[in-house]
There are 2 protein chains.
Amino acid sequence: MVLSVETSYQNALNKREVILRAARQCFVQHGFHATGMAEICSAAGMSAGNLYRYFQNKAAIVRAIADETRARIVPVYERLQTHQNPVEAIVQIILHSLQEFCRGTDSRLWLEVLAEASRNDEMRELYISFDHEIRESLKKLLRRAVKGDGRTPGIDIEAASVWLIALLDGAIARVSIDPHVDLEKIMGTLAASIRRCLKVQQA
Amino acid sequence: MVLSVETSYQNALNKREVILRAARQCFVQHGFHATGMAEICSAAGMSAGNLYRYFQNKAAIVRAIADETRARIVPVYERLQTHQNPVEAIVQIILHSLQEFCRGTDSRLWLEVLAEASRNDEMRELYISFDHEIRESLKKLLRRAVKGDGRTPGIDIEAASVWLIALLDGAIARVSIDPHVDLEKIMGTLAASIRRCLKVQQA
DNA sequence: ATAACGAGAGTGAACGTTTATTCTCACAAC
DNA sequence: GTTGTGAGAATAAACGTTCACTCTCGTTAT
C-alpha cells in the first residue's frame, strides 16, 4: 500500500534525526575524533548494526552534522537582504548569527568544524563554499552602504566582508570557551564597533 | 661527574624538543586526537618505548605543545608595551601575533587548541589564563590611548580587548583554512580597521 | 481462519585493526 | 658492574564495521 511506503520513509527520516541529535550531543562533548560509535549508539538508544542501516559510516554522520549546522545560518543572511538600512542589516546579520550559534552548544560544534576544515579537504570545501555564500550577501549590503553614503568609499568591500566573518568566528570561539562571557554585553559592543567601522569614513 | 649530568640534562632537553617538533608536525596534519603515538614516534625517529622515557603520555605532549604555542606569543605583548603611541602599539601587537601564528603552520595548531579548550578543562584553563594575560596588556595600552586622546572615552576598554582577541582568533582561523587568503592584504586592512575603531571617537 | 511468506527493524557478539602504554632485553659508557 | 639509553615485541583495551540472526508485522495463499 502507498501509505506504508510513506510512513516507512518518514520513519527512516526520524531515525536519522534521532541519530544526528545523539551524535551532535556526543561531538559537542568530545569532538569528532574522540567520539566513538558505541557512544553515539548508546546516546541514540540503538544498536550498532541498526545505526549502520541509516548511515554508511562515521564520516557520513560528521558530514551531515556539519551540513546541518551550516544550513541553520544561511537563511539569516537571506532574510535580512531586503532591510532598508544596509549597515543595520549587517549588524543584525552578525548579531543573529552569533545568537544562533551560541544558543545551545552549536558554538562548540562550529569550532570543531573550523579545526577539521583546516586539515580535511572535504570539510574545507564545505567551509569555503559556505563562507563564499554568506560573504556574497555581506558584500551586496556593503556595496549598498558605500553607495548610499555618497562618500568616496574608504572601505575595501572584499576585505570588510572577510573581517566581519573573522570577527564572528572569533566571537564564537570565545563564547564557547569562556564560561564567564556575557553574551548581551558582547553583542552590544560588537554592534557599536561595526557601526563605527562602517559608518564613519575619514580621509 | 657534574659535566655528564649537565650534558645528559641537555640531551634530554634536546630529545624532548625533537619529540615536540615531530608531534607538532603530526598534530598540524591530523589534529590531537587523530594523531597516533606510532606516527609521532616515526616522525621523531624513535621507538615507542624510548619516547615514553621523555613524556609520561600523549596528554603531556599535547600540553607541552599548547604551552609552547602560547609562550611564543606572550613576549610580543610585553615587548610593545613601551611603545610611545599606544594605538600603534596595539596595531603592531595584533599584526605581529597574526604573523607569528601564520608563519609556518602554527595557525592550525592554535585552531586545534581552541577546539580542545572548548571541552577539555585543562586546556580551557590554559586558554583563559593566556587570554587574561594578553588582554591585560591590551587594556593597559587602551587606557593610555583613551587618556592621551583627551576625549571622553567612547570605548569600553574591557569590551575592546575582547574584540581585538576575537578578531585575531577569527583571522587565524581564516588563514589556516582558506589557501587563497592574501596575508599581506589582510594585515593591511586589519590595521586600518583597528585604527579607525580606536582613534575616531564620536559623540 | 490460519498457515506460509517476506520485508524491514533491530540486536549484540565477533571481526580485524589500531590504539596507547608497558615490558623485556640488549648495548654502550664510564 | 652498574647505570643510562634505546629498540622493539607484547599487551589489553578500544576502535569502526560487519555479521548472522531474531523479532515483528502486514500480505498472500489455502
Side-chain angles (χ1 to χ4, degrees), chain A residues 1-27 29-66 112 116 120 122-123, chain B residues 1-27 29-66 112 116 120 122-123:
Chain A
M1 218 188 269
V2 180
L3 189 70
S4 99
V5 168
E6 195 163 316
T7 49
S8 115
Y9 176 68
Q10 281 273 348
N11 217 338
L13 271 190
N14 283 346
K15 278 288 145 64
R16 279 180 65 97
E17 223 178 277
V18 166
I19 294 168
L20 285 182
R21 205 193 315 276
R24 181 179 280 269
Q25 194 185 323
C26 296
F27 288 153
Q29 272 169 41
H30 307 112
F32 293 148
H33 292 290
T35 297
M37 286 305 251
E39 217 175 325
I40 299 176
C41 289
S42 82
M46 199 176 285
S47 67
N50 197 27
L51 186 145
Y52 272 87
R53 295 173 36 83
Y54 299 97
F55 286 94
Q56 210 185 7
N57 49 35
K58 189 182 174 182
I61 299 181
V62 170
R63 216 178 304 137
I65 294 269
E112 194 68 19
E116 195 61 17
N120 177 323
E122 194 185 353
M123 204 66 99
Chain B
M1 217 186 276
V2 179
L3 188 72
S4 97
V5 168
E6 195 163 314
T7 49
S8 111
Y9 177 68
Q10 281 273 348
N11 219 337
L13 271 190
N14 283 346
K15 280 285 150 62
R16 278 180 67 98
E17 222 179 276
V18 166
I19 294 167
L20 286 182
R21 205 194 314 277
R24 180 179 281 268
Q25 194 185 324
C26 296
F27 288 153
Q29 273 168 39
H30 307 113
F32 293 149
H33 293 291
T35 297
M37 287 305 252
E39 216 175 327
I40 300 177
C41 288
S42 81
M46 200 178 284
S47 68
N50 198 25
L51 186 145
Y52 272 88
R53 297 173 37 82
Y54 298 97
F55 286 94
Q56 210 184 7
N57 50 35
K58 188 181 175 182
I61 298 181
V62 170
R63 215 178 305 135
I65 293 270
E112 195 68 20
E116 195 61 19
N120 176 324
E122 194 185 352
M123 204 67 100

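Naming convention: chains lettered A, B, ... in sequence-line order (proteins, then strands); numbering from 1 in each chain.
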If I take atom [atom1] in residue [X] and atom [atom2] in nucleotide [N], what distance separates them, rounded to the nearest angstrom?
X: Phe32(B); N: dA20(C); atom1: CZ; atom2: P; value: 14 Å
X: His33(A); N: dT19(C); atom1: NE2; atom2: P; value: 13 Å
X: Asn57(A); N: dT17(D); atom1: CG; atom2: P; value: 5 Å
X: Leu51(B); N: dA9(D); atom1: CG; atom2: P; value: 17 Å
X: Tyr52(B); N: dT19(C); atom1: OH; atom2: C1'; value: 9 Å
X: Lys58(A); N: dT17(C); atom1: NZ; atom2: P; value: 19 Å
X: Arg53(B); N: dT24(C); atom1: CZ; atom2: C1'; value: 14 Å
X: Phe55(B); N: dA20(C); atom1: CZ; atom2: P; value: 15 Å

(message) Does anything in residues 37-50 of chain A come within less than 4.0 Å of DNA chain C? Heavy atoms only, and list the residues if so.
(response)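 Nucleic-acid contacts, sorted: Met46(A), Ser47(A), Gly49(A), Asn50(A).
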(request) Would you sort out whether Val18(B) and Tyr54(B) count as a side-chain contact (heavy atoms from CB on, under 4.5 Å), showing the intermediate values? (result) CA-CA 10 Å; Val18(B) 166; Tyr54(B) 298 97; over 6 Å; no
(request) Among dA9(C), dT18(D), dA20(C), find the nucleotide with the atom closest to the side chain of Lys15(A). (result)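 Ranking dA9(C), dT18(D), dA20(C) by closest atom to the Lys15(A) side chain puts dA9(C) first.
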(request) Can you see which heavy atom on Ala22(A) is nearest to which on Ile40(A), and at what distance? (result)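 Nearest pair, atom of Ala22(A) first, then Ile40(A): CB-O, 4.0 Å.
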(request) Provide the closest heavy-atom pair for Asn57(A) versus Tyr52(A) in the form atom of the first, atom of the second, distance. (result)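 So the two residues come closest at CA-CE2, 3.8 Å.
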(message) Going by salt bridge (charged side-chain N to carboxylate O under 4.0 Å, His left out), name the pairs with one or both residues in residues 54-63 of chain A, residues two or more places apart or in two chains.
(response)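 Pairs touching residues 54-63 of chain A that pass the test: Arg63(A)-Glu122(A).
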(message) Under the side chain to side chain donor-acceptor pair (under 3.5 Å) definition, can you give me all pairs with a residue in residues 34-45 of chain A, not counting sequence neighbours?
(response)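 Of all non-adjacent pairs touching residues 34-45 of chain A, those that pass side chain to side chain donor-acceptor pair (under 3.5 Å) are His30(A)-Glu39(A).
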(request) Let me know which of Leu51(B), Asn50(B), Ile19(B) forms a side chain to side chain contact (heavy atoms under 4.5 Å, CB included) with Cys41(B). (result)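 For Cys41(B), the side chain to side chain contact (heavy atoms under 4.5 Å, CB included) check succeeds only for Leu51(B).
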